Amino acid sequence: MSSSLRLILGDQLSQDVSSLQDCDKDKDYILMCEVWDEATYVKHHKKKIAFLFSAMRHFADDLENKGYNVHYTKLDDKHNTGSFQGEVARLLEKHAFDKIVVTFPGEYRVLQDMQTWEAKFCLPVEIREDDRFLCAPERFTEWAEGRKTLRMEFFYREMRRKYDVLMNGAEPEGGQWNYDFENRKPPEDGLHVPSPYTAQIDDITKECIDLVADRFPDHFGDLYPFYFAVTRDQALYALDKFIDERLVTFGDYQDAMMQGEPWMFHSHLSFYINCGLLDPLEVVRKAEAAYRDGNAPLNAVEGFVRQIIGWREYVRGIYWLKMPEYVDENFLKAERDLPWLYWSGDTQMNCLRQCVLETKENAYAHHIQRLMVLGNFALLAGIDPKQVNEWYLIVYADAYEWVELPNVSGMILYADGGYLASKPYAAGGAYINRMSNYCKNCSYKVSKKNGPEACPFNYLYWDFFIRHEDILKRNPRLGHSYRTLSKMNDEKIQAIKDDTKRFFKELERA
Ligand code: FAD
Ligand code: DLZ
Ligand code: SF4
């Protein structure tokens, strides 16, 4: 009787994941395993581990209730080998299988491991496409071929056409592809942000939280409050809540940051989309339906849809196109060690402090916090891309290398020399002041450009452009910055350099 082993990873928790298609409930076995290697190859945020273990356990229960043979290894099982490979080997010893079936993993290192299994186990290993993504790596490669640099906008338009999202025949809905120019409202005093989705902690989740507290005490992050959805039903509820309560204002305040409001009008769905509890296209279709029904404006829905069928697919395409070299990219030769403040939040820079502390509490920060505060500082300070990547992979519950690495090396650090983004997203304090209310509670003065009281972003910004003049000056999108720089006198340039030197001296002492 032919029988196959179906391995399902922690970020493949979808009933229609390709490795489950044609799974025979009588003959085949599903393997899911909590393994030490995955939980510690970087020291993931405690909340991320508890979330994934609980979602995995709930998913395994669902499959069992549907009549599948599920072999589930818990972290503390006596015979747990600690790795995917070891757990596959253990199940192969117990049962005779003719093949192993897996869905294409989200990380290169896991794929590399899987590619050795056929020889190791003397069994065919079928690595199936992950068709939860809308653009297969081969299609992306075809699209990218012959282009020296890539631009998300053109890729996004193709995805809109292909999946018929917000289209009006052959034309984009409303006549324009992109409504970003409407999505830059600063936060206003008294702005009411709805409360985010909060799931009840059930026995399974409680067990996972306790396990993580016990086994990973030295990992970063808080376990409580724990609010994540851990089942598909809960994730669907979180999706509906976003569509009903936040989507309408998502566009307007997409770039806004407010002290004490970590969730703003974002969806907080990346955890669920990335681990499989939600399907990206179903999320997009629901948002589009809200627009068609007159419940959300076009700028909000287009902005939201672009993040998912545009950016999300685009960064994944770049990941698989550019791996394995992408991890080593360091175009700007950034070498500074990651400052301790990224773990402790211990800094007088209020924007950074807020973003780090919220990350620690929630395993979440919204896009602009990740990009324009935490990322902007890493870029301007010239922090080593490997260390920045590791930090982002650790601290966010939605982080897997396929999505984290291009966002960090490509989007924030310009480490790929402009392959993903057309220019570095560098900004001074004025941007943060315009888009947030952090500066009101800061010991530094955002209006001051130099001296010990000045907002460090102000002089770090110019020092960055001075440091990299040789390679960045030729970028036409940076023409304005370099024209301004060329008008600065020697005294001003020296003040920028002196302030930067003093700032890093103090940072190293901290
Ligand atoms: P929303 O603002 O509600 O956006 C909707 C959805 O769009 C998200 O759920 C996500 O699926 C998708 N999305 C939006 N922007 C991006 C993007 N740039 N790349 C890919 N998908 C996107 N996202 C991750 O899922 N995992 C990561 O590890 C991750 N690391 C990041 C690191 C940096 C430096 C930056 C700048 C961005 C990173 N992002 C990452 C992208 C983005 O910040 C998060 O997807 C988003 O903050 C998740 O919150 P949300 O669900 O509330 O998003
Ligand atoms: C992130 C993660 C963690 C912390 N633990 C596990 C685990 O124990 N078992 C598992 O199957 N998956 C886990 N994951 C998710 C994997 O790291 C992820 O599937 C791979 O990185 C491929 O994307
Ligand atoms: Fe951040 Fe500068 Fe504003 Fe302080 S003054 S919150 S450091 S941008």
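In each ligand, atom 1 is the first atom listed, and ligand 1 is the first ligand listed. Remember, it's a predicted structure, so these values are computed and weren't measured experimentally. Quick note: residue numbers are just sequence positions, from 1. Atom set for the values below is all heavy atoms of this structure, side chains included, hydrogens, waters and symmetry mates excluded.
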Checklist line | Minimum-distance protein heavy atom relative to atom 10 (C) of ligand 1 | finding: Ser270 CB, 4.1 Å

Notebook entry, point to check: Judged by non-hydrogen atoms, does Phe53 sit under 4.0 Å from ligand 2?
Noted result: yes

Next item on the list: Tell me which one of Ser443, Cys355, Cys351 gets a heavy atom nearest to atom 6 (S) of ligand 3.
Entry: Cys351

Next item on the list: Identify which of Leu269, Leu393, Asp398, Leu379 has a heavy atom lying nearest to atom 27 (C) of ligand 1.
Entry: Asp398

Note to self: I need the nearest protein heavy-atom contact for atom 2 (Fe) of ligand 3: residue, atom name and distance, please.
What the structure shows: Cys455 SG, 2.3 Å

Check: Which one holds for Tyr392 and ligand 1: side chain close, backbone close, both close, or neither close, with close meaning a heavy atom under 4.0 Å?
Finding: side chain

Check: Which residue holds the protein heavy atom closest to atom 5 (C) of ligand 1, what is that atom called, and what is the gap in Å?
Finding: Phe304 CE1, 3.4 Å

Item checked: Test item, Phe84 contacting ligand 2 (heavy atom, 4.0 angstrom) -> yes

Next item on the list: Decide whether an N or O pair under 3.5 Å exists between Trp311 and ligand 1.
Entry: no

Note to self: As an exercise, identify every atom of ligand 2 less than 4.0 angstrom from a heavy atom of Leu9.
What the structure shows: 11 (O), 19 (O)

Notebook entry, point to check: Polar-atom distance check: Val110 versus ligand 2, any N or O pair below 3.5 Å?
Noted result: no

Next item on the list: Could you see which bit of Met411 sits under 4.0 Å from ligand 1, with heavy atoms only: side chain, backbone, both or neither?
Entry: side chain

Item checked: Heavy atom of Arg109, distance to ligand 2 below 4.0 Å -> yes

Notebook entry, point to check: Is the closest heavy-atom distance from Met56 to ligand 2 below 4.0 Å?
Noted result: yes

Item checked: Nearest non-hydrogen protein atom, atom 28 (O) of ligand 1 -> Ala399 CA, 3.1 Å

Notebook entry, point to check: Quick one: nearest non-hydrogen protein atom to atom 7 (S) of ligand 3, plus distance?
Noted result: Met349 CB, 3.7 Å

Check: Quick one: is the NZ or CZ of Arg336 closer than 6.0 Å to the six-membered ring centre of Phe504, and within 45° of its axis?
Finding: yes

Next item on the list: Within a distance under 4.0 Å of any heavy atom of His44, pick out the atoms of ligand 2 and give their elements.
Entry: 1 (C), 4 (C)

Next item on the list: Name the option, out of Val388, Leu247, Asn407, Asn376, that contains the heavy atom nearest to atom 31 (C) of ligand 1.
Entry: Asn407

Check: Do ligand 2 and Gly106 have nitrogen or oxygen atoms that lie under 3.5 Å from each other?
Finding: yes

Note to self: Return the closest protein heavy atom for atom 3 (O) of ligand 1 as residue, atom name and distance.
What the structure shows: Ser267 OG, 2.6 Å

Next item on the list: Tell me whether Cys442 has at least one N, O or S atom under 2.8 Å from atom 3 (Fe) of ligand 3.
Entry: no

Note to self: If you take the nearest heavy atom of each of Leu52, Ile8, Thr103, which one is closest to atom 1 (C) of ligand 2?
What the structure shows: Leu52

Note to self: Could you tell me, atom by atom, which parts of ligand 1 come under 4.0 Å of a heavy atom of Ala365?
What the structure shows: 47 (O)

Notebook entry, point to check: So which protein heavy atom does atom 22 (C) of ligand 1 come closest to, and at what separation?
Noted result: Gln307 O, 3.7 Å

Next item on the list: If you have a sec, work out which protein heavy atom is nearest atom 2 (O) of ligand 1 and how many Å separate them, to one decimal?
Entry: His266 ND1, 2.7 Å

Next item on the list: Identify, for atom 25 (O) of ligand 1, the protein heavy atom at the shortest distance, and state residue, atom and that distance.
Entry: Asn274 ND2, 2.8 Å

Check: Using 4.0 Å as the upper bound for N to carboxylate O, is an ion pair formed by Arg151 and Glu153?
Finding: no

Next item on the list: Within a distance under 4.0 Å of any heavy atom of Cys439, pick out the atoms of ligand 3 and give their elements.
Entry: 3 (Fe), 5 (S), 6 (S), 8 (S)

Next item on the list: Using a 4.0 Å heavy-atom threshold (strictly under), name the region of Phe250 that reaches ligand 1: side chain, backbone, both or neither.
Entry: side chain

Next item on the list: Work out which heavy atom in Arg316 is nearest to a heavy atom in Pro137; give both atom names and the distance.
Entry: NH1-CD, 3.6 Å

Item checked: ligand 1 versus Phe242: contacting region, heavy-atom distance under 4.0 Å -> neither

Note to self: Under 6.0 Å between ring centres: does that hold for Tyr68 and Tyr29?
What the structure shows: no

Checklist line | Best match, Glu401, Arg370, Met372: closest heavy atom to atom 30 (N) of ligand 1 | finding: Arg370

Checklist line | Identity of the nearest option to atom 7 (C) of ligand 2, non-hydrogen atoms only, from Cys275, Cys33, Ala39 | finding: Cys33

Notebook entry, point to check: Would a line drawn from the ring center of Phe51 to the ring center of Phe53 be shorter than 6.0 Å?
Noted result: no

Note to self: If I apply the N/O under 3.5 Å rule, does Glu38 come out as touching ligand 2?
What the structure shows: yes

Next item on the list: Compute the shortest N/O to N/O distance between Lys48 and ligand 2 and return yes if it is under 3.5 Å, no if not.
Entry: no

